[in-house]
Amino acid sequence: MPTTFALLDCNNFYVSCERVFNPKLIGKPVVVLSNNDGCIIARSNEAKELGIKMGEPYFRCQPLLEHHQVHVFSSNYALYGDMSQRVMEVLSRLEPQVEVYSIDEAFLRLPAGDEKTLRLIGKNICRTIRQHTGIPVSIGFGPTKTLAKIANRIAKKNPAQRGGCIISAGDDLPPILKSMPVSEVWGIGGRATKKLAGQGIRTAYDLSRADANWLKKNLSITGVRTMRELQGVSCFPLTEIPPPKHSMACSRSFGTPVSELKDMHEATVTYVARAAEKIRAQQLKAGCLTLYLNTNRFSSSQPQYANNRTITLPYPTADTATLIAQAVATLKDLFRPGYAYQKVGVILTALTPEHIQQGNLFLTPRPNTDNLLLALDRINHRWGQDTLQYGSAGLDKPWHHKQNMKSPSYTTSWHELPVALAAETITR
DNA sequence: TCTGGGGTCCTAGGACCC
DNA sequence: TCTGGGGTCCTAGGACCC
């Protein structure tokens with residue numbers, strides 16, 4: 001049965017989240033920064049018009065931002081994550097076949113319908129999500145995911161397409177693809193764009209007509225799939241049930257460079273605890289742990305050092321104390337004094353479901369800490385992250401990343417709920 | 001002074017087997 | 001002096017995504 005894909009995308013998502021709880025920002029230029037207030041990762045349309053680039057380091061464009069009185073926010077993932085869930089819930093109530101693709105995007109699969117039907121569906125989705133969450137969204141339809149992505153891009157740039165741009169695999173397709181630079185095609189990054197340019201392939205249309213053998217050799221099988229998708233042949237299916245994760249990571253850049261082992265130790269413990277909490281939430285255990293650390297690679301005046309090590313754990317575990325002990329021992333091996341470190345990070349891999357565990361013939365049974373961890377997670381969930389934490393994670397955390405302009409966690413913290421004031425009006 | 005974080009997929013090449 | 005061929009598995013690194 002023929003189907004249509006749709007891509008729903010929240011407009012300037014992080015900025016839109018800030019605006020829901022701070023309507024004064026509507027119509028004003030707004031940007032949101034990455035962790036540690038490092039780079040620009042979200043811009044309102046007004047900010048884009050000022051020429052502020054995606055991924056630009058904050059310190060570099062700070063004068064421009066100040067000059068235009070741009071509103072700047074540190075990223076607030078508690079808020080964005082929660083708003084994302086609300087958007088996806090509303091969407092799932094409207095449409096049965098949904099793949100949550102990222103924090104601000106979802107693919108849908110619909111029975112292939114005529115343009116009028118799709119447009120009605122699109123309008124209804126956009127209106128309902130806006131009404132229930134306050135978040136503006138755009139939608140694009142196409143016979144494949146890649147074409148739905150392109151349709152979404154066109155819809156977003158063109159307010160007349162409110163309710164959705166629709167691409168079909170007919171005669172209209174070539175002119176649309178000819179107007180789309182190949183670098184804007186989903187799956188074509190900077191490297192591929194360069195390689196393709198060398199072959200004279202500059203637009204999505206050129207790519208849809210490229211030589212499959214050359215593509216396979218130079219862009220791997222995924223390049224060939226993208227080409228087929230541009231032709232209207234679906235190669236990337238909808239995955240409604242997210243596959244289990246293969247890895248779980250936690251890392252942050254330090255607010256200021258760190259040289260002391262004590263601080264590195266505290267940060268390592270903090271990130272291990274967080275990563276362990278995350279895999280427990282998904283009923284997983286880790287078989288391996290990777291620890292890595294590095295100095296600031298952008299600094300030409302400071303001596304550079306980066307290292308990493310992966311260890312196999314004695315048995316798969318999600319027990320924070322066990323993981324901390326292993327990570328700290330690894331840290332002591334990797335740490336070299338005399339460097340200004342910028343970051344330490346932890347990756348848990350070889351993840352397996354907690355109820356399917358391979359036993360070990362030669363190890364004594366390990367202590368069962370399941371109930372302790374359950375209580376820990378429940379308390380932190382109920383009363384907020386780090387209500388209970390391991391002592392070695394430190395209290396002051398002088399190395400903590402910068403977050404100087406963060407908005408309140410309006411929807412996830414009892415202490416930070418927005419307050420609505422109603423003025424009494426007298427009408428007689 | 002100040003440059004994010006968390007994922008996935010694919011491939012080449014090494015190690016190893018018979 | 002001359003030293004195969006075919007296969008699997010694993011891993012590091014590259015590329016891409018948001």
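Heavy-atom basis, side chains included; hydrogens, waters and symmetry copies ignored. Given the structure is predicted, the values throughout are model-derived calculations rather than measurements. Here is how names work: the chains are called A, B, and so on, in the same order as the sequence lines, proteins then strands, and each is numbered from 1.
The residue A:Gln302 sits apart from the nucleic acid: no heavy atom pair falls under 4.0 Å. Among the heavy atoms of the strands lying under 4.0 Å from A:Val185 are primed sugar atoms or P, OP1, OP2 only; no base atom is included. Using a 4.0 Å heavy-atom distance criterion, A:Asp37 is classed as making no nucleic acid contact. Residue contacts for A:Ile188: at a heavy-atom cut-off of 4.0 Å it reaches the sugar-phosphate backbone alone, with no base atom in range. If you check every strand for non-hydrogen atoms under 4.0 Å, A:Gly190 touches sugar and phosphate atoms only. Among the atoms of the strands shown, none is found under 4.0 Å from any heavy atom of A:Lys217. Using a 4.0 Å heavy-atom criterion, one finds that A:His401 contacts no nucleic acid atom at all. Across all strands, A:Tyr101 comes closer than 4.0 Å only to sugar-phosphate atoms, never to a base (heavy-atom distances).
You'll find that the side chain of A:Arg252 is closest to B:dG5, out of C:dC18, B:dT3, B:dG5. Side chain of A:Ser251, nearest nucleotide from B:dG4, B:dG5, C:dC18: B:dG5. Across B:dT3, C:dA15, B:dG7, the shortest atom-to-atom separation from the side chain of A:Ala249 is found for B:dG7. Among the nucleotides C:dC18, B:dT3, B:dG7, the one closest to the side chain of A:Glu105 is C:dC18. Comparing B:dG4, B:dG7, B:dT3 against the side chain of A:Asn35 picks out B:dG4 as the nearest. Of the candidates B:dG4, B:dC2, C:dA15, B:dG4 carries the atom nearest the A:Cys39 side chain, counting heavy atoms from C-beta on. Between B:dT11, B:dG7, C:dC16, one nucleotide has an atom nearer to the side chain of A:Lys216 than all others, and that is B:dT11. For A:Cys250, taking side-chain heavy atoms from C-beta onward, the closest of the listed nucleotides B:dG6, B:dC9, B:dG4 is B:dG6. Nearest to the side chain of A:Ala192, among B:dG5, C:dC16, B:dT8, sits C:dC16.
In this structure, C:dG13 and B:dC10 make a Watson-Crick or G-U wobble pair, each of the two defining distances being under 3.5 angstrom.
Phosphate proximity of B:dT3 to A:Asn36: absent, as no side-chain N or O sits under 4.0 Å from OP1 or OP2. Phosphate proximity of C:dA15 to A:Thr222: absent, as no side-chain N or O sits under 4.0 Å from OP1 or OP2. Here A:Gln342 does not reach the OP1 or OP2 of B:dC2: none of its side-chain N or O atoms lies under 4.0 Å away. Residue A:Arg225 places at least one side-chain N or O under 4.0 Å from the OP1 or OP2 atom of B:dC10.
Summary of the strand contacts: A:Ser247 and A:Arg60 both lie near DNA chain B, and taking for each the nucleotide with the nearest heavy atom, the more 5' one is attributed to A:Arg60.
Using a cutoff of 4.0 Å between basic side-chain nitrogens and carboxylate oxygens, A:Lys145 and A:Glu99 are scored as salt-bridged.
Atoms CE (A:Met88) and P (C:dC18) sit 13 Å apart, rounded to a whole Å. The nearest whole Å value for the distance from the NZ atom in A:Lys149 to the C1' atom in C:dC16 is 11 Å. Spacing between atom NZ of A:Lys194 and atom P of C:dC16 amounts to 11 Å, rounded to whole angstrom units. Between A:Gln403 atom CD and B:dG4 atom P the separation is 15 Å, expressed in whole Å. When rounded to the nearest whole Å, the span between OH of A:Tyr14 and C1' of B:dG5 equals 9 Å. One interatomic measurement links the two molecules: CD1 of A:Ile347 to P of B:dG6, which rounds to 9 Å at whole-angstrom precision. One atom, CD of A:Glu99, and another, P of C:dC17, lie 16 Å apart when rounded to the nearest Å. The interatomic distance linking A:Glu66 (CD) with B:dC2 (P) rounds to 18 Å, in whole Å.
A:Val272 and A:Leu323 make their closest contact through CG1-CB, 3.6 Å (heavy atoms, listed as atom of the first residue, atom of the second, distance).
C:dG4 sits 15 Å from B:dC16 when the C1' atoms are compared, rounded to a whole Å.
Taking only distance into account, the side chain of A:Arg297 never meets the base of B:dT3 through a donor-acceptor pair shorter than 3.5 Å.
Under a cut-off of 6.0 angstrom, the local environment of NZ in A:Lys332 is sparse, with at most 12 non-hydrogen atoms contributed by other residues, nucleotides or ligands.
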### Query
Hey, mind stepping through A:Arg280 and A:Glu277 against salt bridge (charged side-chain N to carboxylate O under 4.0 Å, His left out) and telling me if it holds?
CA-CA 5 Å; A:Arg280 288 198 297 271; A:Glu277 191 182 352; 5.6 Å; no
### Task
Show your working on salt bridge (charged side-chain N to carboxylate O under 4.0 Å, His left out) between A:Glu18 and A:Lys28 and close with a plain yes or no.
CA-CA 12 Å; A:Glu18 299 292 347; A:Lys28 308 235 170 81; over 6 Å; no
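Ring pair A:Trp186/A:Phe5: centre-to-centre distance not below 6.0 Å. Less than 6.0 angstrom separates the ring centroid of A:Tyr77 from the ring centroid of A:Tyr14.
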